[in-house]
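To keep things clear, I will list the structure first and then write my remarks on it.
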Amino acid sequence: MTARPAAGRAPARGSALQFLDDDDEYFARQPARRSELPDPEPLLRNLTHCVIEVLAGARDLEQLARWVTDDVYRNLSKRVVLAARARRVKGQAPQRPAFTLGTVMVCEPADGVVEAVVLVHQRARSRAVAIRLEGLDQRWRASAISVL
């Protein structure tokens, strides 16, 4: 692989060529078209299942790191801390929740973007998990997750 000078920059006189900066588009995350991506529904179901277990304290948040963006990871981390604090105040131990996944409603507002709502049915109540997936580097990554 050979180095190339950064676009729009002339090499300085008497110095080596200016190499690409770290923020070069070639090395940044590349958006993917919908035709290059797999069916999102299995990921939506698995991600929902994992998020519910993470919030219940039955699964480590780190297991989701490769499937979510940094912002989503930080937001989920805050919710995990709050959920753990609430369990501690009530004197409850973390346990695997009993639930079933219901309908998955999918919308594609743009090429390579999927917005979905997955229904989660528990004994006492039903919840909805809203997820936005974006195609980056030929795979889906969750750029927003909200448990309602």
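Because only heavy atoms are used, hydrogens play no part in the values below, and waters and symmetry mates are left out as well, while side chains stay in.
From Leu43, atom CG reaches atom OG1 of Thr48 across 8.5 Å, with rounding to the nearest 0.5 Å. Here the CZ-CG distance, from Arg132 to Leu44, works out to 13.0 Å after rounding to the nearest 0.5 Å. Atoms NE2 and OG1, on His49 and Thr100 in that order, are 10.0 Å from each other to the nearest 0.5 Å.
With a 4.5 Å cut-off on side-chain heavy atoms, Val80 and Leu55 count as touching. Looking at Val68 and Ile145, their side chains come closer than 4.5 Å, going by heavy atoms from C-beta outward. Using a 4.5 Å cut-off on side-chain heavy atoms (C-beta onward), Leu119 and Met105 make contact. Residues Cys50 and Gln63 are not in side-chain contact: their nearest non-hydrogen atoms beyond the backbone lie 4.5 Å or more apart. Counting heavy atoms from C-beta on, the side chains of Tyr73 and Leu61 come closer than 4.5 Å.
Pro94 approaches Gly57 most closely through the heavy-atom pair CB-O, 3.5 Å. Residues Pro31 and Leu136 come closest through the heavy atom pair CA-CD2, 4.1 Å. Nearest heavy-atom pair across Ala144 and Val72 is N-CG2, 3.5 Å. Listed here is the closest heavy atom pair of Arg127 and Leu148: CB-O, 3.5 Å. The minimum heavy-atom distance linking Leu37 with Gly112 is given by the pair CD1-CA, 4.2 Å. A pairwise comparison of heavy atoms in Pro97 and Gln122 identifies CB-NE2, 4.2 Å as the closest pair.
Summarising the local packing, CD of Gln92 is surrounded by more than 12 heavy atoms from other residues, nucleotides or ligands at distances under 6.0 Å.
Between the Arg45 side chain and the Gly102 main chain, a donor and an acceptor come within less than 3.5 Å of each other.
Cluster membership for Trp67 and Val147, using ILVMFWY side-chain heavy atoms within less than 4.5 angstrom, is shared. Hydrophobic cluster membership is shared by Phe99 and Val51, with clusters built from Ile, Leu, Val, Met, Phe, Trp and Tyr side chains linked at under 4.5 angstrom.
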**OP:** Verify side chain to side chain contact (heavy atoms under 4.5 Å, CB included) between Val120 and Leu101, making sure each step is shown before the conclusion.
**Re:** CA-CA 5 Å; Val120 178; Leu101 296 179; 3.8 Å; yes

**OP:** Please lay out, stage by stage, how Ile52 and Val129 fare under the test side chain to side chain contact (heavy atoms under 4.5 Å, CB included).
**Re:** CA-CA 9 Å; Ile52 297 296; Val129 179; 4.1 Å; yes

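Note on residues 138-148: pairs passing side-chain hydrogen bond (donor to acceptor under 3.5 Å, both in side chains), not counting sequence neighbours, are Glu36-Gln138, Glu134-Ser143.
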